[in-house]
Amino acid sequence: MTKQQEQTNLNDQFQEISKNVKEMVQKTQLEIMMHANTKLVELYFNIGKVLSTNFIWGNKFVETLAIELKLSFPNIKGFSVRNLNYMKA
């Protein structure tokens with residue numbers, strides 16, 4: 001085997017390894033997104049249960065909770081009064 005053939009063989013091997021690692025990264029990214037979405041739905045469902053069991057507090061409860069959540073988690077969207085009302089079961 002010539003030096004050039006060895007170099008080509010090594011390059012082919014590297015390309016295959018690189019492809020496999022990239023596929024692993026992409027697969028893991030997809031799994032992370034799927035789990036994150038599942039957890040987010042669970043969170044919304046659980047918030048909805050809390051809101052439903054505390055309906056005696058009235059609409060002001062939902063409004064105040066929306067403000068509290070927005071202040072506590074400013075980088076997370078989805079805690080508006082409208083969205084909280086959608087979460088109720």
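We number each residue from 1, following the sequence as shown.
- Between Ile76 and Leu69, every side-chain heavy-atom pair lies at or beyond the 4.5 Å cut-off.
- Between the CD atom in Glu31 and the CE atom in Met33 there is a gap of 10.5 Å [rounded to 0.5 Å].
- Here the CG atom belonging to Leu51 is positioned 6.5 Å from the NZ atom belonging to Lys88, to the nearest 0.5 angstrom.
- Using cut-offs of 30° and 60° for the angle between ring planes, the Phe79 and Tyr44 rings count as perpendicular.
- With contacts defined as side-chain heavy-atom distances shorter than 4.5 Å, the pair Leu43/Leu40 qualifies.
- The backbone N or O of Phe14 sits nowhere less than 3.5 Å from a side-chain atom of Ser18 that would complete a donor-acceptor pair.
- Taking a 6.0 Å sphere around CG of Asn59, one finds it holds 12 or fewer heavy atoms contributed by other residues, nucleotides or ligands.
- Separating the CG atom in Asn83 from the CE atom in Met87 is a distance of 5.5 Å, to the nearest 0.5 Å.
- Taken to the nearest 0.5 Å, the CG atom of Asn54 stands 9.5 Å off from the CG atom of Leu65.
- Of all the heavy atoms in Ala66 and Ser80, the pair that sits closest is CB-C, 4.1 Å.
- Following chains of ILVMFWY side-chain contacts shorter than 4.5 Å, one can reach Ile56 starting from Val62, so the two form part of one hydrophobic cluster.
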Could you walk me through whether Val25 and Thr28 pass the side chain to side chain contact (heavy atoms under 4.5 Å, CB included) test, one step at a time? CA-CA 5 Å; Val25 170; Thr28 302; 5.9 Å; no
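- In the hydrophobic clustering of this structure, Val81 groups with Leu84; members are Ile, Leu, Val, Met, Phe, Trp, Tyr whose side-chain heavy atoms approach within less than 4.5 Å, directly or through other members.
- Rounded to the nearest 0.5 Å, atoms CD1 (Ile67) and CD (Glu63) are 7.0 Å apart.
- For Phe61, the CZ atom is densely surrounded, since the number of other residues' heavy atoms within 6.0 Å is greater than 12.
- Counting heavy atoms from C-beta outward, Thr64 and Trp57 have side chains that stay 4.5 Å or more apart.
- Residue Thr2 holds its OG1 atom at 10.5 Å from CG of Asn9, rounded to the nearest 0.5 Å.
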